[in-house]
Amino acid sequence: MLGKLSWAAVPFDQPIPMAASAVVGCLILGVLIWVVVKGRLPYLWNEWITSVDHKRIGVMYCLLAMVMLLRGFTDAIMMRSQQALAFQAPGYLPPEHYDQIFSAHGTLMIFFVAMPFVIGLMNFAVPLQLGIRDVAFPTLNSVGFWLTASGALLVNISLVIGEFSRATWLPYPPLSELAYSPGVGVDYYCWAIQISGIGTLISGVNLVTTVLKMHAPGMTYMRMPMFCWTTLAANLLIVAAFPILTATLAMLLLDRYLGFHFFTNEAGGNMMMFVNLIWAWGHPEVYILILPAFGIYSEVISTFSGKPLFGYRSMVIATMAICILAFMVWLHHFFTMGAGADVNGFFGIMTTIIAVPTGVKIFNWLFTMFAGRVVFSTALLWSLGFMITFVVGGMTGVLLAVPPADFVLHNSLFLVAHFHNVLIGGVLFGCFAGYNYWFPKAFGFRLHEGLGKAAFWCWTIGFYVAFMPLYVLGLEGMTRRMQHYDVPAWRPWLLIAALGAVIILVGIILQIVQLVASIRHREDLRDDTGDPWNGRSLEWATASPPPVFNFAVLPSVSGSDTYWDLKQRAIQQPAPSPEPDYNSVEMPRNSPTGFICAFFATMMGFALIWHIWWMAGVAIAGAFATFVVFAWRDRDDYIIPVETVARIDRENRASRTRALGRLGTAQ
C-alpha cells in the first residue's frame with residue numbers, strides 16, 4: 001500500500017534532523033495559525049497564492065530563495081563547524097549525515113536559492129522595464145513558480161522522511177547508481193530537480209517570448225535596458241540547456257528504476273557520458289545565474305552614477321558572446337578524465353576567451369562611474385564588492401582553465417573557493433543589489449540604508465575570511481568533502497574559515513533585522529514618487545508599488561534611458577504635460593492552476609520516490625484533470641474600468657509633479 005515507506009524512514013535515532021524538522025514544523029504551524037487567526041487566509045489565497053501578476057510572482061520567487069538561503073546556510077555552517085572540530089576526531093556529524101549535508105547544501109544553493117532569486121528579479125523588473133503590462137503567459141508563469149516551490153519542498157521533506165542524496169549536488173555514477181546508493185536519497189534529488197527544472201524551463205520560455213515579442217511602442221532591441229538583454233541571454237541558455245539536464249536525470253532514473261545501464265561501464269554503458277552531459281548543462285548554468293546579475297549591476301551602477309551606461313553596444317555584444325561561448329567550455333570541469341592534450345587544450349583556450357567579454361563589462365562599469373555623481377547606496381556597495389570579489393574569482397578560474405594546473409588543483413578546496421568566489425561574489429551579491437534596488441518599487445518603501453550597509457560589510461568581510469583560506473588549503477593538497485582529517489597544518493586555516501562563516505551569519509541576521517526595521521518604520525521610509533533613486537528606466541515611471549496593470553497608458557519610447565529624458569524635459573519645461581487618453585484595461589484573472597499543479601507534482605514525486613504506485617497514478621490523473629479544466633476555461637480576463645485607471649494614474653502624476661519640482665529646485 002505504501003511501497004517502501006515505513007516508520008523506519010523517520011530518523012528517530014538522529015537528534016539533529018529531528019530537532020531541525022521540529023523547529024521548522026513549529027515555525028510553519030505558527031505562521032499558518034497566525035494567518036488564520038488574523039483572517040488573512042482569503043487575502044493570501046486571492047492576492048498571492050493564485051496570483052498571475054508578474055510582480056507578485058517575482059516577489060514569491062525571491063521570498064522562496066531567501067527562505068532556502070537560510071536552510072542552505074545552515075548546512076554550510078554545520079560543514080564548517082564539523083571540519084573545525086574534526087582534527088584527529090570524528091566531530092559531531094556522522095559520515096553518512098555529513099555526506100547528505102554537503103549534497104543538500106549544493107543542491108539548495110544552486111537550484112533553490114540562486115535560480116529562484118534571479119528568476120524572481122527578472123519576473124518583477126523586466127515587464128516594467130519593457131513598458132508592458134505582464135509577461136507573455138501569465139498563468140504559465142504561476143505554474144513555473146509553484147513547480148519550483150514543489151521541488152524545494154521535496155528536498156526539505158527528505159530531512160525528516162527518508163534521507164537525501166549522498167552523491168553530491170551532481171550525482172555522478174557509479175555512486176548514484178542503485179548498487180551504491182540503494183536508499184531513496186538519489187531519488188529525492190532526481191525527482192525534486194526534474195519537477196523544479198520543468199518550472200525553470202517554463203519560466204525560460206515565458207521570459208524569452210516576453211523580451212523578444214512584447215515591447216512598449218518605440219522600444220527597439222537597442223533601446224532595451226541592459227537587464228532585459230541579460231535576461232534574454234540567460235533565458236535562451238535555460239531553453240537550450242535545461243532539456244539536457246532533464247534527459248540526463250531521466251536516464252539515471254531509468255538506470256535506477258528499470259535496470260537500464262546508460263551509465264554502467266560493465267554493462268555496456270559509460271559513466272563518463274553522465275559527466276559530459278551534466279556539465280553540458282552545468283557550465284551554461286553558471287552563466288544563466290551570472291548574466292542576470294551583470295544586468296542588475298549595469299542598472300545599479302548607471303543609476304547611482306547619474307550617467308548612462310558606458311559602452312552600451314559593447315555590453316550587448318559581450319552579453320550575447322557569453323551566451324554563445326557558454327556552450328563551448330564545459331569540458332574544463334573534467335580535464336583529468338583523459339580526453340587528451342588536443343581536447344583539453346581547445347577547452348582551456350575557449351575558457352580563457354570567454355573571460356574577455358566579462359572583462360569588457362568590468363571596464364564599462366568602471367567608466368560609467370568615472371566622473372559621475374556617485375551615490376554610495378547599499379545597492380552600489382554590493383556592486384562594488386562584486387567587482388573586486390568577482391575579479392579574484394575570475395582570475396582563479398582562468399588559472400583552473402590551464403590543464404596542467406587543473407591536474408594539480410582538481411577536486412581540491414581551491415576549486416571550492418573559486419566556485420564560491422563566483423557564485424557568492426557574483427550571483428548572490430547581484431541578487432542582494434537587486435533586492436535593495438527594487439524593494440521600494442515592489443512595496444512602496446525603502447529598506448534601511450544603515451543596516452543594509454552593515455550587512456554588506458559583514459557579508460564581504462565574512463566571505464574573504466571564509467574562503468581565502470580554502471585557496472591555501474587547496475594548494476596544500478586538501479581535497480573537498482572531507483568529514484575528518486589528520487594533517488595539523490590544515491587546522492588553523494579551517495578554524496579561520498569557520499570564523500568567516502560566523503561573520504556571514506551576522507550579515508544574514510542584519511539583513512533580517514533590516515527587513516523587520518524597515519517594515520516597522522515604513523512610513524518614514526515611504527516612497528510617494530515611484531522614483532526613490534532618480535532612476536533612468538521605465539520601471540521608475542510607475543507608482544510604488546505599481547498597479548496591477550503597470551502603466552495606465554503604455555509609454556512611447558524614443559531612445560535609451562527614456563524615463564531620464566522625460567524627467568529632464570519636464571524639469572526644463574515645468575508646465576504639466578497634458579493628460580493622456582485613458583481606456584479600460586484588460587488583465588488576466590488569477591488562477592489556482594499553478595498551485596494545484598504543484599500539489600499534484602509534489603504528490604507524484606513523493607509517490608515515485610517511495611514506489612507508491614497508486615498515489616502516483618492519482619497524482620497524474622489530477623494533473624491531467626487540472627490541465628483539461630484550465631484548457632476549457634470560459635473567462636480568462638477581466639476589465640479594469642477606465643475610471644479606476646484614470647484615478648490611479650492621476651494620483652501618480654500628481655506625486656511625480658511635486659517630486660520633479662523639488663528635483664528642479666535642487667538642480
Side-chain angles (χ1 to χ4, degrees), residues 34-35 38 40 43-44 47-48 51 53-67 117 120-121 123-125 127-129 227 296 299-300 303-304 375-383 431-456 507-552 563 567 647-663 666:
W34 180 84
V35 167
K38 291 289 185 178
R40 301 290 177 84
Y43 168 79
L44 193 65
E47 298 298 327
W48 289 94
S51 177
D53 183 349
H54 72 93
K55 300 179 289 297
R56 297 202 164 180
I57 291 172
V59 169
M60 288 192 289
Y61 265 117
C62 293
L63 180 61
L64 172 66
M66 290 177 182
V67 172
F117 220 146
L121 293 171
N123 254 295
F124 178 82
L128 292 168
Q129 290 193 327
F227 186 56
I296 293 167
E299 302 299 327
V300 168
T303 296
F304 291 108
V375 177
F376 289 96
S377 66
T378 304
L380 187 70
L381 287 181
W382 285 113
S383 304
C431 292
F432 290 153
Y435 164 65
N436 282 272
Y437 183 59
W438 282 307
F439 187 93
K441 177 54 57 181
F443 296 104
F445 59 93
R446 291 172 283 110
L447 288 168
H448 191 283
E449 282 286 302
L451 288 168
K453 290 175 181 177
F456 160 76
I508 292 174
I509 293 170
L510 284 170
Q511 286 177 304
I512 296 171
V513 173
Q514 178 198 29
L515 180 59
V516 173
S518 302
I519 293 172
R520 291 187 65 181
H521 301 286
R522 58 187 176 275
E523 292 306 322
D524 298 330
L525 298 167
R526 181 71 60 190
D527 168 36
D528 295 322
T529 67
D531 184 19
W533 313 125
N534 194 19
R536 311 183 71 85
S537 47
L538 285 175
E539 73 265 37
W540 307 111
T542 64
S544 294
V548 66
F549 48 80
N550 291 349
F551 299 92
Y563 182 53
K567 285 192 293 186
R647 176 179 55 77
I648 293 172
D649 193 56
R650 284 169 185 151
E651 292 172 359
N652 184 33
R653 287 167 60 86
S655 64
R656 279 172 194 283
T657 300
R658 291 191 295 270
L660 285 171
R662 293 193 296 269
L663 191 60

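Looking only at side-chain heavy atoms (C-beta outward), Phe124 and Lys441 come within less than 4.5 Å of each other. Proximity of Lys55 to Pro545: side-chain heavy atoms (C-beta onward) are nowhere separated by under 4.5 Å.
The ring-ring contact (aromatic ring centres under 6.0 Å, His included) test applied to Phe551 returns no partner, not counting sequence neighbours. For Arg522, there are no side-chain hydrogen bond (donor to acceptor under 3.5 Å, both in side chains) partners at least two apart in sequence or on another chain. Applying the ring-ring contact (aromatic ring centres under 6.0 Å, His included) test to Phe456 and every residue at least two apart in sequence or in another chain returns Trp382. Taking the side-chain contact (heavy atoms from CB on, under 4.5 Å) definition, one finds that Leu447 meets it with Tyr435, Asn436, Phe439, Gln514, Leu515, Ser518, sequence neighbours left out. Every side-chain hydrogen bond (donor to acceptor under 3.5 Å, both in side chains) that Glu47 has, sequence neighbours left out, goes to Arg56.
Here the options are Phe443, Phe227, Trp533, the test is ring pair (Phe, Tyr, Trp, His ring centres under 6.0 Å), and the partner is Trp438; only Phe227 passes.
Considering every non-hydrogen atom in both Asn550 and Thr542, the closest pair reads O-CG2, 3.2 Å. A pairwise comparison of heavy atoms in Gly530 and Ser544 identifies CA-OG, 3.1 Å as the closest pair. Leu128 and Leu538 get closest at one heavy-atom pair: O-CB, 3.5 Å. Looking at every heavy atom in both residues, Thr529 comes nearest to Asp531 through OG1-N, 3.0 Å. Nearest heavy atom pair, residue Ser537 against residue Glu299, reads OG-OE1, 3.8 Å. A pairwise comparison of heavy atoms in Asn123 and Gly58 identifies CB-CA, 3.9 Å as the closest pair.
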Pair Phe445-His521, side-chain contact (heavy atoms from CB on, under 4.5 Å): steps then yes or no:
CA-CA 9 Å; Phe445 59 93; His521 301 286; over 6 Å; no

Stepwise, does the side-chain contact (heavy atoms from CB on, under 4.5 Å) test hold for Phe304 with Tyr437?
CA-CA 10 Å; Phe304 291 108; Tyr437 183 59; 3.8 Å; yes

Audit row: Met66, Phe117, side-chain contact (heavy atoms from CB on, under 4.5 Å) steps and yes/no
CA-CA 8 Å; Met66 290 177 182; Phe117 220 146; 3.7 Å; yes

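Within the structure, every pair that satisfies the side-chain hydrogen bond (donor to acceptor under 3.5 Å, both in side chains) test and touches residues 442-453, not counting sequence neighbours, is listed here: Thr378-Glu449.
Atoms CG and CD1, from Leu451 and Ile512 in turn, are 12.0 Å apart once rounded to the nearest 0.5 Å. Here OG of Ser51 is found 5.5 Å from CD1 of Ile57. Values are rounded to the nearest 0.5 Å.
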